[in-house]
Protein chains: 2
Amino acid sequence: MAIVPLYRRDARHPQAQACAACEVRGSALFGALDDAGLDHIHTHIASVEITPDQPVYARGEAGAAVFTVRAGIVRFERSSPHGDRRIVRLAGRGDLIGQEALLQRPYADEAIACTPVQLCRIPRHLVDQLATAQGSLPRELMLRWQVALDASEAWVAELSSGPAHRRLLHLLLRLARLGEPGGPVWLPRREEIGAMLDLTVETASRLVSRLRREGVIELLPPRAARIDLAALERALNSEGTG
Amino acid sequence: MAIVPLYRRDARHPQAQACAACEVRGSALFGALDDAGLDHIHTHIASVEITPDQPVYARGEAGAAVFTVRAGIVRFERSSPHGDRRIVRLAGRGDLIGQEALLQRPYADEAIACTPVQLCRIPRHLVDQLATAQGSLPRELMLRWQVALDASEAWVAELSSGPAHRRLLHLLLRLARLGEPGGPVWLPRREEIGAMLDLTVETASRLVSRLRREGVIELLPPRAARIDLAALERALNSEGTG
DNA sequence: CGAGCCGTTGAGGGGATTCAAGCTCAGTGG
DNA sequence: CCACTGAGCTTGAATCCCCTCAACGGCTCG
């Protein structure tokens, strides 16, 4: 974990004005804060960069901080005592992760970077301060919690239900939304697709190959792809009726 | 929906002192409130009773209230545009449901009573009042949100992963925890089991019958069963190694 | 008593897994 | 430079789990 403190006003610092200029400010946790508020907090928030497949935090760890995702994709994993692991959710730009820490609770999942990830690390006590001083923060927090809950329930409904082919289509739809609109999307390894959709690597591979032949996706190795959204929609619709 | 206002001090009222005497007070949303606080809110909270298979609220509805579950089991459903429906989570005694309403958002799921359910209906504005007046409430709220998020992620990991036999064992384990310890548990209809585990009725029936033959559960029709927790544990363990 | 819902069981088929082999590609060291 | 290696991906063949289609019995209720 590369941790760099943020000094908003020191223009010589590479992370100068990072909070104020943060591209996700409008949708991030402190989006509603004015400059005075930023002055108060900016010295406590650190910018964190994580390389793919490195953990942000581990399940059971007594966390002292929450994170906002500034860029990249984070996955949440749980594994059974028997060893099989399952990816239960993804988070992307603007999402708040590790909220359990605010309740002095251990982290509930393994959080691992899928792509290069940029995070803002926010100490627990800092949120506590703002929660008492300001009125708007709790509401922002609850919003994040609800977003996470909604994402998790949608994961059950879309990525854990029905035939494998449809589950993969839904996954691609999500990946497309997580990336730049129209741009190439991050494509997980086959083993990761399997962990997301509860499939074996072989089945994941077969299905991806099939979509490639059908023209729904164009592979851009390694770990990227271009998605034909129109073809994807078509495939999803013909899925139900066929 | 049978709605009965709660008048805490009117001893002639059947719901008299319901808030003060509420069995789930210690673990419920207003658990931390003192009597003075109760005085303020008790006239605004209504007791709601719902019969099995009746909705608490519908997805998309602009909700003006959250609910705490005082007794019974509530299920959350989502259905795809193609018509197939999936149960994504269960809630039981002490759980807070419909929290989206606090954010002026439409309800995210269909919430439907599985068993006879008793709820406390808490208007949104009441929570807003308490949130500004008291400091402890937001924390309680966040705790509920985290409980729901955790339940949803566990649903992915346990009830949507692996072979159907193991998924059913995990479901029975949950149902046992939702009911009285040692007592009979509520057993969903086969169709409902199917919607929870993404199975057909036939497969659900076959698996239940198998567990009955193996002595893991004893059916107590209609819609109840006794579970041999030791046998269940054994079955879950031999599952992984076999 | 017949209608309808729920649960059960059987037979057959299909989709996903398992086991296995071969491929590409980047990194390594001769 | 190129064989060697290992990780990731792909494909094939056989097996198995679960689905589909179907029939039937128990039960409630009009």
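Per chain, numbering begins at 1; letters A, B, ... match sequence-line order. Heavy-atom basis, side chains included; hydrogens, waters and symmetry copies ignored.
Rounding to the nearest 0.5 Å places CG of B/Leu236 at 4.5 Å from CG of B/Leu169.
Of the listed nucleotides (D/dG8, C/dT17, C/dG7), C/dG7 has the atom at the smallest distance from the side chain of B/Arg189. In the set C/dT8, D/dT10, D/dC18, D/dT10 carries the atom at the smallest distance from any side-chain atom of A/Leu219. Picking from D/dT10, C/dT8, C/dC19 the nucleotide with the shortest atom distance to the side chain of A/Glu202 gives C/dC19.
Contact annotation: B/Arg166 does not reach the phosphate of D/dC17 (side-chain N/O to OP1 or OP2, under 4.0 Å). Side-chain N/O atoms of B/Thr200 include one lying less than 4.0 angstrom from OP1 or OP2 on D/dC19. The shortest distance between the side-chain N/O atoms of B/Ser205 and the OP1/OP2 oxygens of C/dG7 is not below 4.0 Å. A close approach under 4.0 Å does not occur between any side-chain nitrogen or oxygen of B/Arg206 and OP1 or OP2 of C/dT8. Phosphate proximity of C/dT9 to B/Ser209: present, with a side-chain N or O under 4.0 Å from OP1 or OP2.
When side chains are defined from C-beta on, B/Pro52 does not count as touching B/Cys114, because their heavy atoms never get closer than 4.5 Å.
Counting non-hydrogen atoms under 4.0 angstrom, A/Pro163 reaches the backbone sugars and phosphates but no base.
Note that A/Arg59 lies outside the cation-pi zone of A/Tyr107, set by a 6.0 Å cut-off to the ring centre and a 45° limit from the axis.
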